[in-house]
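So that the names make sense, note that chain A is the first sequence line, chain B the second, and so on, each numbered from 1. All values derive from a computational prediction rather than experimental measurement.
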Amino acid sequence: MTISYYPGCTLKTKAKNLDDSGTASLTALGVDFKELSRWNCCGAVFSLADDDLLHLVAPVRDLVRVKEEGNTKVITACSMCYNTLARANMVMRDDEEKRYTINSFMEEEIDYNGEVDVFHYLTYLRDEIGWESLRKKVKKPLNNLKLAPYYGCTLVRPAEISIDQSLPKTIMQDFISALGAQPSFFPSSEECCSSYQIISNPNAALASSARILKSAVKRGADAIITSCPLCEYTLGKKQAAIVEKDPEVKKIPTFYFTQLLAVALGLEEDVCHFELNVPESRELLAKMNFV
Amino acid sequence: MTIEINDKTYDKDFVKKLAEISGESFHKCMQCGTCTATCPMSDEMDVSPRQIMLSIHFGLKKKATEANTIWLCATCHSCQALCPRGMKLPKIMEALRQLYLRGNENYVEPNKIPEDVIADLPQIALVSCFRKHTA
């Protein structure tokens, strides 16, 4: 059965390295998926005001598109899109009053009652493919590569939409192990990278990111993996600015988890778009003969 | 610091509006400070999340709304995950921001963000910032 793939705005431009490596890997894993037609921006963040339903319209419209295309599952690789879509879906499933208001407001659309299941890419790998099956499809095990799993906020909070209900969370570590790499757990793995504060309060934001980088380096990781383009920006692309501000921070390569998945599955390197990462990222893989 | 509290300093409308927008009951807070301890931004805040809760208890609108706290909150939900009273602090922070933004005032002015910064940022950074920090 076909599943819908929701890329989101950033994956079509700045985070092509998350999009292309992710979709190429799905194909290699034999997943029957189709990019959702006429998708729109999900809004990136979920509105927390009880009286604000307007900001639910964008993510709900995307879910309506999935239903319209006759699918019951939608998969996304972006953490922020996952969080927004999953929470909007919960409102439409569980809150009768809000569901009625939103459906009435969107009168040009078919009614939506939360019929679609929202998957993050990692949960799809775990629940629908399975780690053992993924392990068997790995052609180039990433032996001896120590990867720090960075969950950030939106994959795991609030609890009702967390991609892993276990304590401590293991989904990213299991993913890393399935690729033949070594998980390098670090205490800041679920700490906020500062998110959009990089615009509003850049100094405070860089200090938060510095703490996370220091923690990962201290635990001996070779690189950090993430699934969020904003985390990748604050922890990856802003590293030069962070090091300049705090010389105690040591640089560490960053990857989207899908890039390493594509490498481990033996896919062509061009789907990974390493040119969009900091140069140290590809250099690390080249040094270890993975690319 | 001494805070004067009496029937004139308690802003009833403010507390009522805040409860309406956030859907939260403030009296559940027992001032344990777990929110402050877990907040990754609390070092930079001039009023801690726990103190914000105390200010709301006392109906001190100015203290709660004029702190940089509400604008440093990145809605990471760490406080909510650990609150022993099950309070949803991110919703309260959002309600405080909304009280300001609904006065048609922006906290971040999109046209003041330099062009090279915009060109460098991922789209989700801009969308999320504008959703949380503009009217």
Side-chain angles (χ1 to χ4, degrees), chain A residues 8-15 18 41-52 55 58 78-81 83-84 152-154 156-159 161-162 188 190-205 207-209 211-212 228-234 237-238 276, chain B residues 17-24 38-45 68 71-82 86 88-99 101-102 106-110 112-114 117-134:
Chain A
C9 311
T10 313
L11 274 74
K12 286 294 168 193
T13 50
K14 296 278 168 57
L18 177 55
C41 171
C42 68
V45 279
F46 183 75
S47 173
L48 300 170
D50 260 11
D51 58 356
D52 173 19
H55 286 108
C78 167
S79 306
M80 289 181 92
C81 297
N83 191 283
T84 309
C153 315
T154 48
V156 293
R157 287 187 295 271
I161 55 89
S162 174
S188 299
E190 292 174 39
E191 209 175 282
C192 177
C193 73
S194 72
S195 190
Y196 48 84
Q197 298 290 353
I198 195 71
I199 302 173
S200 322
N201 298 289
N203 286 335
S208 285
S209 306
R211 255 197 322 271
I212 295 162
C228 174
L230 188 42
C231 299
E232 213 292 314
Y233 180 78
T234 54
K237 293 193 185 63
K238 297 307 282 184
L276 296 174
Chain B
K17 192 75 195 153
L18 209 57
E20 214 174 273
I21 301 175
S22 69
E24 284 293 287
T38 190
C39 176
M41 287 294 197
S42 60
D43 280 357
E44 315 281 338
M45 291 171 174
N68 69 358
W71 305 109
L72 279 164
C73 164
T75 60
C76 78
H77 290 66
S78 299
C79 49
Q80 180 174 319
L82 290 178
K88 293 176 175 163
L89 249 79
K91 295 192 77 165
I92 298 168
M93 294 293 171
E94 181 102 327
L96 288 166
R97 283 190 293 271
Q98 285 299 317
L99 283 182
L101 299 171
R102 288 178 190 186
N106 287 342
Y107 174 69
V108 164
E109 285 300 340
K112 287 195 180 143
I113 305 173
V117 174
I118 291 179
D120 192 44
L121 285 164
Q123 285 82 345
I124 47 172
L126 292 161
V127 175
S128 53
C129 176
F130 295 162
R131 282 212 161 185
K132 295 292 181 192
H133 288 173
T134 62

[options]: which one forms the most heavy-atom pairs within less than 4.5 Å of chain A?
options: B:Asp43, B:Asp120, B:Val127; value: B:Asp120
options: B:Gly23, B:Pro40, B:Cys39; value: B:Pro40
options: B:Arg102, B:Glu24, B:Arg97; value: B:Arg102
options: B:Gln98, B:Glu44, B:Gln123; value: B:Gln123

Is it the backbone or the side chain of [X] that comes under 4.5 Å from a heavy atom of chain A, or both, or neither?
X: B:Ile113; answer: side chain
X: B:Cys73; answer: backbone
X: B:Phe130; answer: neither
X: B:Leu126; answer: both
X: B:Ala19; answer: neither
X: B:Thr38; answer: neither
X: B:Ala125; answer: both
X: B:Ser22; answer: backbone

Interatomic distance, OG@B:Ser78 vs CD@A:Glu191, rounded to 0.5 Å, equals 7.5 Å

Query - Carboxylate-amine/guanidinium contact A:Asp52 B:Arg131, below 4.0 Å - result: no

With sequence neighbours left out, the residues meeting ring-ring contact (aromatic ring centres under 6.0 Å, His included) with A:Tyr233 are none

* Any donor-acceptor pair under 3.5 Å linking the side chain of B:Glu20 with the backbone of A:Asp50? -> no

Side chain B:Glu94, main chain A:Leu48, donor-acceptor under 3.5 Å = yes

At their closest point, which heavy atom of [X] faces which heavy atom of [Y], and how far apart are they?
X: B:Ile118; Y: A:Lys14; answer: O-NZ, 4.2 Å
X: B:Cys76; Y: A:Arg157; answer: O-NE, 2.5 Å
X: A:Leu230; Y: B:Ile124; answer: N-CD1, 3.5 Å

Applying side-chain hydrogen bond (donor to acceptor under 3.5 Å, both in side chains) to B:Lys88 and not counting sequence neighbours gives none

Based on non-hydrogen pairs under 4.5 Å, which of [options] is most in contact with chain B?
options: A:Ala15, A:Ser195, A:Ser200; answer: A:Ser200
options: A:Gly43, A:Cys153, A:Cys41; answer: A:Gly43
options: A:Glu232, A:Lys237, A:Arg211; answer: A:Arg211
options: A:Cys228, A:Cys192, A:Cys193, A:Ala204; answer: A:Ala204

So do [Y] and [X] actually touch side chain to side chain, heavy atoms under 4.5 Å?
X: A:Ile199; Y: B:Ser128; result: no
X: A:Ile198; Y: B:Leu121; result: yes
X: B:Lys132; Y: A:Gln197; result: no

The interface call for A:Ala159 against chain B, heavy-atom contacts under 4.5 Å, is neither

Under 4.5 Å to a heavy atom of chain B? For A:Ser47 that would be both

The residue among B:Asn68, B:Leu72, B:Val108 that forms side-chain contact (heavy atoms from CB on, under 4.5 Å) with A:Asn201 is B:Leu72

